[in-house]
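Convention: sequence-line order gives letters A, B, ...; per-chain numbering from 1. Because the structure is predicted, anything quoted here is derived from the model rather than measured.
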Amino acid sequence: MSFVAVLAWVAVLVVAPNMLLLFYSVLTNRSGRATTQLTLDNYVSVVTSDVTPLLLGRTLVTAVAAAALATVIAYPAALFALRNLGRHRTLAVLLMVVPLWISYLVRVYAWKIILGDSGVINSTLAAVGLTDEPLSFLLYSRFAVLITLTYVSIPFVFVTSYTALERIPPSLLEAAEDSGASPFRVVRHVIWPLSRQSAAIGFSLALLIAVGDYLTPSLVGGLRGTMYGSLVVSQFGIANNWPLGAALSVVLMVVVGALLLAVARLTRTEGHLE
Amino acid sequence: MSETSVVRPVHRRSPAAILGRGASWAGFGAVYLFLYAPLVAITVFAFNDSTIQALPWAGFTTRWFEAIPKDRLLISALVFSFTVAIAAVAIASLLGTWFAFALHERTGRVARAARGLMVVPVVVPGMVLGLSLAITFRSLGLTPGYATVVLGHLVFDVPVVTLLVLSRLQRLDPSQAQAAMDLGAGPWRTRILVVLPQVRTAILAAALLTFTLSFDEVIVTFFLVGAQQTLPIFIWSQTRFGFTPEINAVVTIIGLVSMVLIVVATRVITRDIEPDNYDRPDGGGA
């Protein structure tokens, strides 16, 4: 009986919504209502549009860059915390996740306060006398989107990396060091191969957050920072074209799914610790 | 930990190495600086005596905090968010735990597929999930409002609870449950009286996590709300005009309260684990 409940849950709230999304993506939109006239026009217009492929490309590049940047920052930080902080390292992990308890929207909005023309950075630069005019590329730009998405991703990569690094037996590292491996080689040949799968999970989480986020681009991205998510949302809202929105969603899922599969393939490690 | 082994290569103490160590500490500190800069900015500007959140500093005020109780839209959004999150956590804890037991006791391809599919909503990009749920609820004839928001949150809350509880169940020593069964307890008595107490910290941790997930959710909720806004949706609607520091004040208060709650909860959870030693810390592996 319990297992039937699980199956019912999955059928009604996971399988059905995705099937309906697929179904909606081949419906015809007539002034805001989806009519059951099957068509592939939605997909045709996604592919042939001037804007959509461009936005998809830009979104993927920005998301991959943010996830990569977050990994490059958070993975070494996790390694450093584990090896240098002794018994304070759980505090380091706790401090890493505390920001996640603060409203996501407000954390993103805070970057407006920091990066704006009369924001913290520009005011400081002007006060010190380094700049005469505010650096306007800081806010309402792809740079701002990149920084903010990196910022929100770091804790996720940190935690996934940390849990993997923590499970590597110290004896392996000592064996490598005693055999004369330099610290760099220990990381390169022992630590990284044993933890890259988890780092990749963190990277993938970051990528998913970045791809699915329409709040950050519209808050700090300005016109030049518009991303794919805003397009989907506008089909639900202003444009009121759910079938096109569904087609856009399906395209995004397929592309992101392929990307994540590639990441998983590239970072696979043969053999396990257990 | 590495200090315990016998011979250390000499190059570790060279000037370059010391410089490198200094640089690593600085870099490590910079990560936390980056992480906390926005939080500091929010808090500081909650006390700034200006509607524009920019420098120069306009003077200290507490008027943004005083304005909160008078803002009826804000208060109703806050209350609505609480009722959504509480309902979602209560239902998700029950259902998620029940599902975890079901999946734990069932093996095979169907069970594995069900578990995999259940997690899909957690990893799907938010607006895709939002749109697919909006379509589903519209097809079912549900009007957007409290029920659709709670149900929408459950779609990602339940699998989170299930996964956390399931991973704890899988690390449990089965002998206690077996002993209970041998002594004549039925399957449900065993589950509730013997197994459930052993996973209660996992349920508590999951409840905390799902509360924050639900309380803070914007992207999916946007597709499901009716006229009554949740707090994040309210904040989102305010950002179009550049919201007032009142929002900073609210977020500062919520942040402080949740930090206290986290500390208390961590205490409770760790105290709960230590004396009985329910979990084998190694997970049984060598």
Side chain, backbone, both or neither: which part of F223(B) has a heavy atom under 4.5 Å from chain A? both

Among Q235(A), M96(A), M19(A), R107(A), which has the most heavy-atom pairs under 4.5 Å with chain B? M96(A)

Residue part contacting chain A, namely of S24(B), when any heavy atom lies under 4.5 Å: both

In terms of heavy-atom pairs under 4.5 Å with chain A, which of A113(B), G130(B), A134(B) leads? A134(B)

Counting only heavy atoms closer than 4.5 Å, note whether V110(B) contacts chain A via side chain, backbone, both or neither. both

Counting only non-hydrogen atoms closer than 4.5 Å, does V6(A) touch chain B with its backbone (N, CA, C, O), its side chain (CB onward), both, or neither? both

Under 4.5 Å from any heavy atom of chain A, what part of L129(B) do you find: side chain, backbone, both or neither? neither

Roughly how far apart are L21(A) CG and M253(A) CE, rounded to 0.5 Å? 6.5 Å

Interatomic distance, CG@L252(A) vs CG@L131(B), rounded to 0.5 Å, equals 11.5 Å

Contacting region of I113(A) [heavy-atom separation from chain B under 4.5 Å]: both

Quick check on R115(B) against chain A: is it the side chain, the backbone, both or neither that has a heavy atom closer than 4.5 Å? neither

Which of G255(B), G27(B), A41(B), A111(B) touches chain A most, by non-hydrogen pairs under 4.5 Å: A111(B)

Where on F215(B) is there a heavy atom nearer than 4.5 Å to chain A: the side chain, the backbone, both, or neither? neither

Tell me which of these, F158(A), W242(A), Y104(A), has more heavy-atom pairs under 4.5 Å with chain B than the rest. W242(A)

Which of L95(A), V120(A), V233(A) touches chain B most, by non-hydrogen pairs under 4.5 Å: L95(A)

Are W111(A) and F34(B) near enough that their ring centres are under 6.0 Å apart? yes

Determine the option with the most heavy-atom pairs under 4.5 angstrom with chain B, choosing from A81(A), A16(A), G86(A), G116(A). A81(A)

Choice from S132(B), P125(B), P38(B) maximising heavy atom contacts with chain A below 4.5 Å: P38(B)

Aromatic ring pairing H153(B)/F156(B), orientation class (parallel under 30°, perpendicular over 60°, tilted between): tilted

Kindly indicate whether the side chain of D216(B), heavy atoms from C-beta on, has any atom under 4.5 Å from the side chain of S103(A). yes

Report which part of V120(B) has an atom under 4.5 Å of a heavy atom belonging to chain A: side chain, backbone, both, or neither. side chain

Taking every heavy-atom pair that is under 4.5 Å apart, which of N84(A), L205(A), I209(A), N18(A) has the most such pairs with chain B? N84(A)

Chain B contact residues among residues 211-218 of chain A, heavy-atom distance under 4.5 Å: V211(A), G212(A), D213(A), Y214(A), L215(A), S218(A)

If you count heavy-atom pairs under 4.5 Å between each of A102(B), G126(B), P121(B), P232(B) and chain A, which one has the most? A102(B)

Please classify the contact of I254(B) with chain A as side chain, backbone, both or neither, using a heavy-atom distance under 4.5 Å. neither

In chain order, what residues pass the side-chain hydrogen bond (donor to acceptor under 3.5 Å, both in side chains) check against E166(A), with sequence neighbours excluded? none

Parallel, tilted or perpendicular: which describes the rings of F99(B) and W9(A), with under 30° parallel and over 60° perpendicular? perpendicular

Using non-hydrogen atoms only, which part of L85(A) is less than 4.5 Å away from chain B: side chain, backbone, both, or neither? side chain

Under a 4.5 Å heavy-atom cut-off, does chain A meet the side chain of L140(B), its backbone, both or neither? neither

Less than 4.5 Å to any heavy atom of chain B: does that hold for the side chain of A92(A), its backbone, both, or neither? both

Name the member of V4(A), N122(A), V14(A) that forms the most heavy-atom pairs with chain B at distances under 4.5 Å. V14(A)

Would the distance check show the side chain of T59(A) and the main-chain N or O of Y228(A) forming a donor-acceptor pair, the cut-off being under 3.5 Å? yes

Tell me which of these, I219(B), V250(B), I42(B), L103(B), has more heavy-atom pairs under 4.5 Å with chain A than the rest. I219(B)

Go through the steps for I235(B) and Y109(A) under the test side chain to side chain contact (heavy atoms under 4.5 Å, CB included), then give the verdict. CA-CA 10 Å; I235(B) 297 177; Y109(A) 188 82; over 6 Å; no

Chain A: which of I135(B), L39(B), T136(B) shares the most heavy-atom pairs with it under 4.5 Å? I135(B)

